[in-house]
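The structure is given below, and queries will be raised subsequently.
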Amino acid sequence: MILMLAGIESTVTAQRIGNRPDSLRKRVPMNPALQGKFVKKEPIDYSKLNQDSLIKIKMVELAMANSSIDILDANIRIAETDLTQAKSSWLSSVSLGANINEFVIQGSPGASLFPKYNLGVAIPFDIVARTKRNRKVGEENVYINQKIKEGKVQSLKTEILIRYESYKEKKEQVRLQKISMDNDYQAYLSAQKDFADGNMLLDVMNKIYQNYVGEQAKLVTREKDYNVAVLQLEEYIGVPVDDAIQAALQIK
């Protein structure tokens, strides 16, 4: 009995699986991102960095550890696994077949007139196109997930550095506002003395006092903005800002 194949399959007598068509042996060109063509970064020489640069590095490091980047890494690993399976998907489409001549089984004298057995390999006509498509889809999925991660990392880095700059700005504004308020306070104390000595009118002293009160109000606003900046920064790094700064300064 000869192996019968139906539909789009064909029979190749006694063909070995190892003898795949040349088109299957050729690798489909991969995206550059999949070929490891990334610029190799040189190790950072922390001894040459100033304190602010060290703090920025630490802030980004903490933000990455406190984010969902690990989920994106898992998606990349899943896509890479799918790609590996896609490369060997042609194996599931190839089937082997064999049968023994019925005359041999029955011991008939006519058995010598026919082949004792038949071997066959069934290969779908679209196996090449299907394998190339599956591999291409797998490669693109890996590429897409890698690009998603790269975009997320860059966005996160930009966001954390913006928040750190805002934190520094608000902190400096509080410091400067305290200096301004102290100056107005000293002016108010001097005005009180001049008024007591009869060297200053009451309305002039009151104006100096109002300036001092106005500087106090500004300080309240500056401190509020600073506290908000601290909270926004800590939301990303997951630890107190002061602890992160101390850890950064210990890198050297």
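Note that this is a predicted model, so its numbers are computed, not measured.
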Are there more than 12 heavy atoms of other residues, nucleotides or ligands under 6.0 Å from atom NZ of Lys168?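 It does: Lys168 NZ has more than 12 such atoms within range.
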
Quick check for you: to the nearest 0.5 Å, what is the distance between Gln250 atom CD and Gln246 atom CD?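 Here the rounded value is 6.5 Å.
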
Quick one: pull up NZ in Lys193 and CE in Met205 and give me the separation to the nearest 0.5 Å.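 So the gap between those two atoms works out to 14.0 Å.
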
Contact list for residues 198-211, test side chain to side chain donor-acceptor pair (under 3.5 Å), sequence neighbours left out: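 Non-adjacent pairs meeting side chain to side chain donor-acceptor pair (under 3.5 Å): zero.
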
Using a 3.5 Å distance criterion without hydrogens, assess whether the side chain of Gln177 forms a donor-acceptor pair with backbone atoms of Glu215.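 Answer holds: yes.
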
Please report the shortest heavy-atom distance between Ala79 and Asn145, naming the atom on each side.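 Where Ala79 meets Asn145 most closely, the heavy atoms are CB-ND2, 3.8 Å.
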
May I ask you to decide whether Lys136 forms a salt bridge with Glu140, counting only side-chain N to carboxylate O separations under 4.0 Å?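 So Lys136 pairs with Glu140 through a salt bridge.
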
Stepwise, does the side-chain contact (heavy atoms from CB on, under 4.5 Å) test hold for Tyr236 with Leu156? CA-CA 9 Å; Tyr236 268 63; Leu156 183 59; 3.4 Å; yes

Within one Ile-Leu-Val-Met-Phe-Trp-Tyr cluster: Ile237 and Ile69, side-chain cutoff 4.5 Å: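 Yes, Ile237 and Ile69 fall within the same hydrophobic cluster.
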
Non-hydrogen side-chain atoms of Met64 and Val153 separated by less than 4.5 Å: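 Yes - at least one pair of side-chain heavy atoms lies under 4.5 Å apart.
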
Would you say that Glu165 contacts Lys56 through its side chain, given a criterion of any heavy-atom pair below 4.5 Å between the two side chains?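 Yes, their side chains come closer than 4.5 Å.
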
Within a strict 4.5 Å, meaning less than it, do heavy atoms of the Thr84 and Glu80 side chains meet?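 In short, these two side chains do not touch, never coming nearer than 4.5 Å.
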
Taking a hydrophobic cluster as the set of Ile, Leu, Val, Met, Phe, Trp and Tyr residues connected by side-chain heavy atoms closer than 4.5 Å, whether directly or through intermediates, do Val204 and Leu202 fall within one such cluster?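 Yes; Leu202 is reachable from Val204 via cluster members.
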
Does a side-chain heavy-atom distance below 4.5 Å link Leu62 with Val239?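 Touching, per the 4.5 Å side-chain cut-off.
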
Between the side chains of Ser180 and Asn183, does any donor sit under 3.5 Å from an acceptor?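 No, because no side-chain N or O of Ser180 sits under 3.5 Å from a partner of the opposite role on Asn183.
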
Separation between OH of Tyr212 and CG of Asp182, rounded to the nearest 0.5 Å: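 Tyr212 atom OH to Asp182 atom CG measures 8.0 Å (nearest 0.5 Å).
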
To the nearest 0.5 Å, how far apart are OH in Tyr226 and CD in Glu172?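 Between atom OH of Tyr226 and atom CD of Glu172 there are 11.5 Å.
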
To the nearest 0.5 angstrom, please state how far the NZ atom of Lys157 sits from the OG atom of Ser155.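 It is 12.0 Å, given to the nearest 0.5 Å.
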
Would you kindly confirm whether Val213 and Ile208 end up in one hydrophobic cluster when ILVMFWY residues are joined by side chain heavy atoms under 4.5 Å apart?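 Shared cluster, yes.
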
Under 4.5 Å between any side-chain heavy atoms of Ile57 and Leu49, yes or no?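 Answer yes - side chains close enough.
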
ILVMFWY cluster, Leu233 and Val228 together (side-chain gap under 4.5 Å):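 No; tracing contacts between hydrophobic side chains, which count when under 4.5 Å, never links both residues.
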
Does some side-chain heavy atom of Val220 sit less than 4.5 Å from a side-chain heavy atom of Gln216?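 SC-SC contact between Gln216 and Val220 ruled out.
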
Do the side chains of Lys58 and Glu61 get close enough for a salt bridge, i.e. N-O under 4.0 angstrom?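 Salt bridge: yes.
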
Please check this pair: side chain of Ser190 against backbone of Gln186, looking for a donor-acceptor N/O pair closer than 3.5 Å.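 Side chain of Ser190 to backbone of Gln186, a donor-acceptor pair under 3.5 Å: no, none is there.
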
Steps toward side-chain contact (heavy atoms from CB on, under 4.5 Å) verdict (Met59, Ile245): CA-CA 8 Å; Met59 292 293 176; Ile245 293 176; 4.1 Å; yes

Could you tell me if the side chain of Asn141 sits less than 4.5 Å from the side chain of Leu83, heavy atoms only?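 Answer no - side chains too far apart.
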
Arg163 bridged to Glu234 by N-O distance under 4.0 Å: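 So Arg163 does not pair with Glu234 through a salt bridge.
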
For residues Val241 and Ile162: do they belong to one hydrophobic cluster (side chain heavy atoms under 4.5 Å, members Ile, Leu, Val, Met, Phe, Trp, Tyr)?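 No; tracing contacts between hydrophobic side chains, which count when under 4.5 Å, never links both residues.
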
How long is the straight-line distance from NZ of Lys149 back to CG of Asp70, given to the nearest 0.5 Å?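 One gets 10.0 Å once the value is rounded to the nearest 0.5 Å.
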
Hey, is Glu139 close enough to Arg135 for a salt bridge, meaning N to O under 4.0 Å?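 Result for this pair is no, no salt bridge flagged.
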
Verdict with reasoning, Leu231 to Asn227, per side-chain contact (heavy atoms from CB on, under 4.5 Å): CA-CA 6 Å; Leu231 292 174; Asn227 291 332; 5.6 Å; no

